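Below is one structure, written out as structure tokens; the observations come after it.
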Amino acid sequence: MEMAQEKRFNNQQLADVFDTIADLLEIKGEVIYKTLAYRKAADNLRNLGRDVNEIWREGDLTDIPGVGKAIANKIEELLTTGHLDFLDKLNEEVPTTLVEILQVPDVGPKKAALFWHDAGITTLAELESAARAGSLRDLPGMGIKSETRIITGIEALARRTDRIPLGTAWPFAQELLGFLDSIESVQAVEVGGSLRRMKATVGDLDLLAAAEDSGPVMDAFVGHPDVIDMISRGDTKSSVEFANNIRAQLWVHPPERFGTALQYATGSKEHNVRLRELALKQDLSLSDQAFLRKDGSEVLCAEEEDVYEILGLPWIPPELREDRGEIQAAQAGVLPVLIEVGDLLSDLHTHSTWSDGKLSIQEMADAAIERGLKVLAITDHSASLGVAGGLTVRRLKEQRQEIDAVQDVLGETIHLLQGSEVEIRSDGSLDYPDDILIDLDIVIASLHTGLRQPREKVTQRLLNAIRNPHVDVIAHPTGRIIPNREGADLDMAAVLEAAAEHGVALEINAHPARLDLDDIYARRAIEMGINLSINTDAHSASDMDLLHFGVATARRGWVTPENVINTWTAERLLVWLKSRGVARSA
DNA sequence: GCCGTTTTCGGCCCGACTGTTTTCAGTCG
């Protein structure tokens, strides 16, 4: 009885349940719109930014977009009882294990149903042995080629590490764009897909090239020396896998159609569906090729702006294109003016050789000046983080002298702050006593250990830090590492509430392995009036060039310059830090 | 199953590519 209480569903887990239901219904052959409804609800749960448990207790589940009466009832049943009668019954009709074979490229719901009904296959392992035994080729609609594709697909599945971190995908895509741009007939190149929208991880790379004649471009692309598998090769679209197991597809369109092509390939799918609905209201059909009028004539768009203009919208930045209200905002003329890299005047979370950084304080300052910053906080680790060479109290005081000395040399060019990335210990206490923290210019608190503690405990630790009057910023709040480590199981609603109450800023850590806060919670935070801080956590000069990833994450969270303390002038920032100091000593 | 300043019922986006096919079904984004 007690056990049922322990089974607690978060947004992600609920979304997974509804995605599974959608998969099973699709294999079962249910009308497609029903499965789409479940997927839509799952997406919206993931993108909610608020704990569904909170909405259930305090509001109405049907306020969640895509959640009507039926799905609301299912959410409630899951939250109350820990299981779902509907899913149990569905499992009796369609084996749940069939869902795993949908992961195989070229295997969708129809094929899954075929393998299940005609060959008794219910698991991925069974599918593989059947394919290797040559017993799939004689099924209706199948042949030797399809059978081989399934075998290679399963092999690719095994070697592919699901989604690609942005920090890996981005530089590789730039390389490929350079390659494509060097082809003579190519007039323009662009990246599309979730990479252009700057999601923290991407599934594959979507590339576009503008050229009158696509043939030579496609030939060059599929002939790239690092290509290990040509998945498809057409005149408009080709798809390949590279030696690093990253898949990429390339669209080639003539320049006069490049705008619709780029818009289409950027997505998201959900955003595009909305745009096509808008087009239909004007009796236009929108595709990657053009707008099509009823009389069969086309309206071409060379620029992406033209696509939005025809729909009566301002251009919408790619980072917003997730169907999270951006189209309604565009229609109402209230799109946010998103933050840009150039708005940032300070980096408030960096490391030097005093702990685990690679550069001296002087070198870090030089790197910051080179990048146009006005304020640099050196925030080396505190003592208990021994692996990172955390500073004892004595060393911390010695470091102050060096910072002062470097400041003297630099004069007015940049303002150095002595800070600390102070460890939130596993018992929730901070790693330096209050009388040490009070002498620091800025205090950043963070979790590095005990991230696997139970939700209650790890949340409490973070709340302790937020409530400490000396703490100014919480760095990388969840502690996630992409792609390997999930963040701590935090009660984010409680964390955000405390941050709002105590005026503590929450960091969007710009390192592509972190991007923490994520876009969803960043957006929720600014809705609650919480200040954000975008920092590089730089351990070297080149780390400072990763700032744009943090800015992109903020942009995905609808963040404007005013929301981010790093955009403030040095004067304003220092006043803010000092005012918190006054509050401390009061 | 969801949703509505055109609708509470009847809609719910579009095209490319591949393989197995004599004109189309399935998958994918």
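Worth saying up front: this structure is predicted, and the values here are computed from it rather than measured.
With A:Pro317 as the fixed residue, the side-chain contact (heavy atoms from CB on, under 4.5 Å) test singles out one of A:Arg196, A:Arg555, A:Met198: A:Arg555.
For the P atom pair drawn from B:dG15 and B:dT8, the interatomic distance equals 29 Å after rounding to whole Å. B:dG26 and B:dT20 have their C1' atoms separated by 11 Å, given to the nearest Å. Remark: the separation of the C1' atoms in B:dT21 and B:dC17 is 15 Å, to the nearest Å. Comparing the C1' positions of B:dT22 and B:dG29 gives a spacing of 29 Å, expressed to the nearest Å. Here the separation of B:dC2 from B:dT7, taken at their C1' atoms, is 13 Å to the nearest Å. Atom name C1', nucleotides B:dT18 and B:dT23: the rounded distance is 15 Å, in whole Å.
Atom pair A:Phe291:CZ and B:dG15:P shows a separation of 13 Å (rounding to whole Å applied). Going from atom NZ of A:Lys34 over to atom P of B:dC3 covers 15 Å, rounded to whole Å. Following rounding to the nearest Å, A:Ile27 (CD1) and B:dG26 (P) show an atom-to-atom distance of 14 Å. In this structure, A:Gln103 atom CD and B:dC28 atom P are separated by 10 Å, rounded to whole Å. Remark: C1' of B:dT27 and CZ of A:Arg247 are 12 Å apart, rounded to the nearest angstrom. Straight-line distance from the CE atom of A:Met218 to the P atom of B:dT18: 10 Å, rounded to whole Å. B:dG1 atom P lies 10 Å from atom CD1 of A:Ile21, rounded to whole Å. Residue A:Phe18 contributes atom CZ, which lies 9 Å from atom P of B:dC2 at whole-angstrom precision.
With distances taken from any side-chain atom of A:Lys237 to the nucleotides B:dG19, B:dG15, B:dT6, the minimum falls on B:dG15. Taking the side chain of A:Lys110 as heavy atoms from C-beta on, and the options B:dT20, B:dA16, B:dT27, the nearest nucleotide is B:dT27. Nearest to the side-chain atoms of A:Ile71 among the listed nucleotides B:dG1, B:dG26, B:dC14 stands B:dG1. Minimum atom distance to the side chain of A:Ser285 is reached by B:dC14, of the listed B:dG29, B:dC14, B:dG1. Candidate nucleotides B:dT27, B:dG15, B:dG1 were compared by shortest atom distance to the side chain of A:Asp288, and B:dG15 ranks first. Set against B:dG1, B:dA16, B:dG19, the side chain of A:Arg149 has B:dG19 as its closest nucleotide. Of all nucleotides listed (B:dT20, B:dC14, B:dG29), B:dC14 comes nearest to the side chain of A:Ser287. The listed nucleotides are B:dC17, B:dC12, B:dG19; the one nearest the side chain of A:Thr236 is B:dC17.
Between the side chains of A:Asn73 and A:Glu77, no donor-acceptor pair of N or O atoms lies under 3.5 Å. For the residue pair A:Asn91 / A:Thr96, a side-chain donor-acceptor distance below 3.5 Å is found, with atom types taken as modelled.
Scanning atom types as modelled, one donor and one acceptor separated by under 3.5 angstrom connect the side chain of A:Tyr264 and the base of B:dG29.
Between A:Asp519 and A:Glu319, the closest side-chain pair of non-hydrogen atoms is not below 4.5 Å. Side-chain contact check for A:Val17 versus A:Phe9: some heavy-atom pair is nearer than 4.5 Å.
Put simply, the side chain of A:Arg257 gets close to the backbone of A:Gln289: a donor and an acceptor are under 3.5 Å apart.
Each of A:Val273 and A:Asp106 was assigned the nucleotide of DNA chain B with the nearest heavy atom; the assignment lying further toward the 5' end belongs to A:Val273. If you find the closest nucleotide of DNA chain B to A:Met230 and to A:Glu277, the one lying nearer the 5' end belongs to A:Glu277.
Proximity of A:Ser232 to the phosphate of B:dA16: no side-chain N or O atom is located under 4.0 Å from OP1 or OP2. The shortest distance between the side-chain N/O atoms of A:Tyr38 and the OP1/OP2 oxygens of B:dG1 is below 4.0 Å. Residue A:Gln289 places at least one side-chain N or O under 4.0 Å from the OP1 or OP2 atom of B:dA16.
When Watson-Crick and G-U wobble pairs are counted only if both distances are under 3.5 Å, B:dC12 pairs with B:dG1.
Relative ring orientation between A:Phe242 and A:His224 is described as perpendicular, the plane-to-plane angle rising above 60° on a 0-90° scale split at 30° and 60°.
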